[in-house]
Amino acid sequence: MPPAVVVLALVAVGVPAGVHAAWGRPRGLVAAVVASAAACAAAQAAGELAGSRAGVLGDAQLGLALVGALLATMVVAALERRR
């Protein structure tokens with residue numbers, strides 16, 4: 001497995017888990033991890049296409065992945081409140 005994938009997987013799992021530990025939301029942690037993983041993959045692709053070098057760790061677009069994972073986690077938490 002490429003090192004960039006490992007870093008992005010850790011971000012995709014770690015951000016929702018950290019938000020859940022801190023605030024108790026989102027309750028649907030699996031949904032948040034899936035949304036976060038999709039956001040991290042999209043951020044990686046967007047960063048590669050744009051040639052972004054800010055927040056890069058090796059080949060991983062870490063800065064963009066963190067932002068995407070946080071946004072995805074917050075969207076899942078907001079959708080849970082609407083139910």
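- Closest approach of Ala69 and Ser36 over heavy atoms only: CB-OG, 3.1 Å.
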Criterion side chain to side chain contact (heavy atoms under 4.5 Å, CB included) on Leu29 and Val76, from CA distance to verdict: CA-CA 9 Å; Leu29 198 54; Val76 170; over 6 Å; no

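- Cluster annotation: Leu62 is connected to Val15 through the hydrophobic network of ILVMFWY side chains, with a link wherever side-chain heavy atoms come within less than 4.5 Å.
- A donor-acceptor pair under 3.5 Å links the side-chain atoms of Glu80 to the main chain of Gly28, judged by distance alone.
- By the rule that hydrophobic residues join a cluster once side-chain heavy atoms approach within less than 4.5 Å of another member, Val11 and Val67 end up as members of separate clusters.
- Nearest heavy atoms, Thr73 versus Pro26: CG2-CD, 3.7 Å.
- In terms of heavy-atom proximity, Ala65 sits nearest to Cys40 at O-SG, 3.7 Å.
- Residues forming a side chain to side chain contact (heavy atoms under 4.5 Å, CB included) with Ala60 (at least two apart in sequence, or on another chain): Ala4, Val7, Leu8, Gln44.
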